[in-house]
Amino acid sequence: MPELPEVETITRSLDKILPGKVFQQVTVRYSGSLNCSSQAFKDQLIKQRINQVWRRGKLIVLDLKENLHLVFHLKMSGRLLYESGSDWQLDKHSHLIFEFYEQGYLIFHDTRKFGYCSLLNSNALYQWTYFAGLGPEPLDLNEDEFVHIFQKSRARIKSVLLDQSKIAGIGNIYADESLHEAGIHPATPCCQLDQDRLRKLSLSLKGVLLRSIQAGGTTLRDYVDGLGNPGNYQNGFMAYGRKGLPCKTCSTLLESCKVAGRTTVYCPQCQPLSI
DNA sequence: CGTGCGGCCTGAATGC
DNA sequence: TGCATTCAGGCCGCAC
């Protein structure tokens, strides 16, 4: 489930390789991944050159010529993988195959088919409600800006962390991990948290995201970066997926509950509900 | 405004 | 062994 650190890692790996490459051939094996017909997709892409690869929230954007953008959302199980040779395995979940004039292939692979690939001009991209509605990048926020986003909400803190329109790129893993590090119960209403606690959360969130990027992201099942390398951050998990295991800080057994419909793991000792 | 649920989809894990 | 159920989760649309 690629979140900000995984998407950032993929983006960095692809941005070292793809710029300058030109699409020679595009094979659509599952058109449900696209926002247009397979034919229109191919017609618009072929002979287009990739200029840059960047990330916004959980989106990966390939800038092409003439204000055209190829945008990927990997959702839970998507992969975007560069293959330099022609000896790669064609899997039944490889939905899009892009071949370059210069060398190599870019493969969009998505077991669960939740992910998508949209071809958009600049106007369409910037007017797209999801894109336009994305909140700020957590790594670009200073503590005051972070506090401002959260302090007035009456919603539970984890719900707001997961809300892409409030802050972009956080998913279930990094919500649980940052709340654990900050010592905040995930169901705490934001407005019950004072400035110091929100500042602490701001620091914890940035720390968790940066350490995960450093570790190449988290690999649970599907995730690999743009070159096929798995991440290592799962070994550093303090909370996510550790229900019933002892807290690495205080040895209390971790508990779980549902917040915003998602499984949430926390330490009842380190993350008390009442402050 | 906030919450909760169903739907989309597949495969791994679990239950009988 | 083999079948059915449950779970995972990002995001949307909808009901309350």
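Sequence lines set the chain letters: A, B, ... in the order given, protein chains first and strands last, and positions in each chain run from 1.
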TODO: Give the minimum heavy-atom separation between A:L162 and A:A260, together with the two atoms involved.
DONE: CD1-CB, 4.4 Å

Open item on the list: With a 4.0 Å cutoff (strictly under), does any side-chain N or O of A:T263 reach OP1 or OP2 of C:dA8?
Closed with: yes

Open item on the list: Rounded to whole Å, please give me the gap between NE2 in A:H95 and P in B:dT10.
Closed with: 8 Å

Open item on the list: Of the options B:dG11, B:dC9, B:dC1, whose atoms approach the side-chain atoms of A:T111 most closely?
Closed with: B:dG11

Open item on the list: Counting only side-chain nitrogens and oxygens, does A:R156 get under 4.0 Å of the OP1 or OP2 atom of B:dG4?
Closed with: yes

TODO: Ignoring backbone atoms, test whether A:S153 places a side-chain nitrogen or oxygen under 4.0 Å from the OP1 or OP2 oxygen of B:dG2.
DONE: yes

Open item on the list: With heavy-atom distances below 4.5 Å as the criterion, would you say the side chains of A:C257 and A:Y266 are in contact?
Closed with: yes

- [ ] Take atom NE2 of A:H93 and atom C1' of B:dG11, then tell me their distance rounded to the nearest Å.
- [x] 8 Å

Task: N-O pairing of A:K200 and A:E181 below 4.0 Å - done: no

- [ ] Spell out, as yes or no, whether a donor-acceptor pair under 3.5 Å connects the side chain of A:N123 to the backbone of A:Q127.
- [x] no

- [ ] Sugar-phosphate atoms are those with a prime plus P, OP1 and OP2; base atoms are the rest. Using that split, label each nucleotide of nucleotides 10-16 of chain C B, S or - for protein heavy atoms under 4.0 Å, 5' to 3'.
- [x] BBS----

Task: Under 3.5 Å donor-acceptor, A:R197 side chain and A:G183 backbone - done: yes

Open item on the list: Looking only at the side chains, is there a donor atom on one of A:S13 and A:Y82 sitting less than 3.5 Å from an acceptor on the other?
Closed with: no

Open item on the list: Measuring to OP1 and OP2 of B:dG11, would you say a side-chain N or O of A:K92 lies under 4.0 angstrom away?
Closed with: yes

